[in-house]
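What follows is one structure encoded as structure tokens, with my remarks underneath.
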Number of protein chains: 2
Amino acid sequence: MPPTHPLNQEVSLSVIKTACSNCNLRELCLPLGLSLEELERLDDLVSTRRRVKRGDHLYRAGEGFDSIYAIRSGFFKTDVLLEDGRDQVTGFQMAGELLGLDGISTEHHTCNAIALEDSEVCAIPFSRLEVLSREIHTLQHHFHKVMSREIVRDHGVMMLLGTMRAEERLAAFLLNLSQRFTSRGFSHAEFYLRMTREEIGSYLGLKLETVSRAFSKFQEEGHIAVQQKHIRILNVSGLKALMNHQR
Amino acid sequence: MPPTHPLNQEVSLSVIKTACSNCNLRELCLPLGLSLEELERLDDLVSTRRRVKRGDHLYRAGEGFDSIYAIRSGFFKTDVLLEDGRDQVTGFQMAGELLGLDGISTEHHTCNAIALEDSEVCAIPFSRLEVLSREIHTLQHHFHKVMSREIVRDHGVMMLLGTMRAEERLAAFLLNLSQRFTSRGFSHAEFYLRMTREEIGSYLGLKLETVSRAFSKFQEEGHIAVQQKHIRILNVSGLKALMNHQR
DNA sequence: TTCTGTGGTTGACATGGATCAAGCCAACGC
DNA sequence: GCGTTGGCTTGATCCATGTCAACCACAGAA
């Protein structure tokens, strides 16, 4: 229960007020391409914020679905659990990306979404999004594009899991992270991993030892500098070349 | 160029007339849940049929996107090509399923769709589908569900590629095919594979020899009977058990 | 400071599936 | 008929990655 101190209330109101129209992620996120007036209509919809502490679930597989979530800050993973106890990380999501699209299909979430650092998301009630996207064509079209992009991304992961060897997978993973950090205005060459080696391995279909060895190898070869979770990419084209070392 | 013989024209017109409202796939396909009147409006949109001969492309990666396709009859595969020449089958599609959703994201197709037997598809101009789905809420919602289902399916494949061993993958694949044939009113226990061992292997991230060996093993163990592309499933629960033989 | 737990690294060894190679089978053209 | 071709099967061998195990590094608690 948050304090109702007048100052706090004012702050929280002003935060709500700045929803999408003032969010510096709007070019990466759902509002892409909307006019100012349209943005304000979207603001009405995206009024609920939710903080998720590191390690907490945003939602769990099996829970009823009613909202998708836009990540305002922080970092998430999604994972799927098989009946026999095996699980796999299906993705890592960062600011500006959407979570929960998998739940539309059955009205239930089909994976877990877990914060890898303290995070904040905007909840977007899905039925209201459908109503609004009937009225704002740009929003409708962009939402379709976002869903489609997710399908294309998944095909890329399938490709990676189906045809690449361990080092190629890790190189592809690092280049992908780097590219996503870049488009958020961060350094493309230096970043902190929010996930463990085990989580990377799960995502890439590898064991954590294999991931660790590949990191070491990349470092020996001068492609990257690794210190725990701190990564510096020294040689982008070297990594790209590694990705094509076909078997 | 089709002949313009009056009789032919009449036939083709009557075929067009029967579009969605009379199609026996409508409960599996886009029209699911629409009223009769809504169905007729969808018919207007889905007026173009296209025959695709075995081995021909329905579309190619890189081509401009303007329509999605509903499979009326036949069988397709989609595959993705990497710059370095590697490729992977990303899915097999059968009657009632949609093709082309990947193209929405960039307005270009990102994979190839190839008929594995002589097939027929209904082309659905995407921008007109967006217009209509603004007016028919059921259509809008169902389309979203279909896209979401594709994402969930892809997660399943990622799971398969990331955590399962060869025999588990093939067992999962056969059970999935069986289930899809069943929901189309065909035998769940007996069917013809439309794809080669190599294509199955590509989809499952295995070499064709491994696929072949797994088929032989399943046969020895009495789970299935294989004769070339003809498969009979003798022991469903045996196959299901195989899927959980964790490593 | 030490203790404890979590995550990471590295080595030695095992193994599942890839690779290479030979041969089989069914369909098709001549 | 016979030869050819594409797809499939099977065997022998190899190797990338998994497995098991020891140890290290750092963070937080006592």
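These figures come from a predicted structure and were not determined experimentally. A note on names: the letters A, B, ... follow the listed sequences, proteins ahead of strands, and every chain is numbered from 1.
- At whole-Å resolution of the value, CZ in B/Arg197 and C1' in C/dC25 are 12 Å apart.
- Looking at residues two or more places apart in sequence or on another chain, you find no ring-ring contact (aromatic ring centres under 6.0 Å, His included) involving A/Phe186.
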Show, in sequence, the C-alpha distance, side-chain angles and deciding distance for A/Phe65 and A/His108, and conclude whether the ring-ring contact (aromatic ring centres under 6.0 Å, His included) test is met.
CA-CA 5 Å; A/Phe65 162 85; A/His108 289 266; 9.4 Å; no
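- In this structure, CD of A/Glu209 is placed 15 Å from P of C/dA12, rounded to the nearest angstrom.
- Atom pair B/Glu198:CD and C/dA18:P shows a separation of 13 Å (rounding to whole Å applied).
- We find that CG of B/Leu170 is positioned 12 Å from P of C/dG17, with the value rounded to whole Å.
- Within the nucleic acid shown, B/Leu206 comes within 4.0 Å of sugar-phosphate atoms alone, with no base atom in reach, counting heavy atoms only.
- The side chain of A/Lys207 places an N or O atom within less than 4.0 Å of a non-bridging phosphate oxygen (OP1 or OP2) of D/dT19.
- Applying the ring pair (Phe, Tyr, Trp, His ring centres under 6.0 Å) test to every pair with at least one member in residues 224-244 of chain A, sequence neighbours left out, gives these pairs: A/Tyr192-A/His230.
- In this structure, the CD atom of A/Glu168 is 14 Å from the P atom of C/dA18, given to the nearest Å.
- Distance from the side chain of B/Lys229 is smallest for D/dC8 among the nucleotides C/dT9, D/dC8, D/dT17.
- Note: CZ (B/Arg169) to P (C/dG16) measures 14 Å, nearest angstrom.
- Evaluation of the salt bridge (charged side-chain N to carboxylate O under 4.0 Å, His left out) rule for A/Lys217 yields A/Glu167, A/Glu221 as partners, not counting sequence neighbours.
- Panel note: side chain B/Arg169, backbone B/Leu161; a donor-acceptor pair is recorded below 3.5 Å.
- Heavy-atom nearest nucleotides on DNA chain D were determined for B/Gln228 and for A/Ala166, and the one closer to the 5' end corresponds to B/Gln228.
- Among the atoms of the strands shown, base atoms are found under 4.0 Å from some heavy atom of B/Ser212.
- The side chain of B/Arg213 contributes no N or O atom lying less than 4.0 Å from OP1 or OP2 of C/dG17.
- For A/Arg180, the salt bridge (charged side-chain N to carboxylate O under 4.0 Å, His left out) partners are A/Glu97, not counting sequence neighbours.
- For A/His230 and D/dC26, the NE2 to C1' distance is 17 Å, given to the nearest whole Å.
- Here A/His57 pairs with nothing under the ring-ring contact (aromatic ring centres under 6.0 Å, His included) rule; sequence neighbours left out.
- Residue A/Phe215 contributes atom CZ, which lies 16 Å from atom P of C/dG7 at whole-angstrom precision.
- Contacts of B/Lys217 with the nucleic acid, taken as non-hydrogen atoms under 4.0 Å apart, are absent.
- For the helix from C/dT1-D/dA30 to C/dC30-D/dG1, the rotation axes defined at the first and last 5 base pairs enclose an angle of 30°, given to the nearest 10°.
- Both A/Gln227 and A/Thr210 lie near DNA chain D, and the one whose nearest nucleotide falls closer to the 5' end is A/Thr210.
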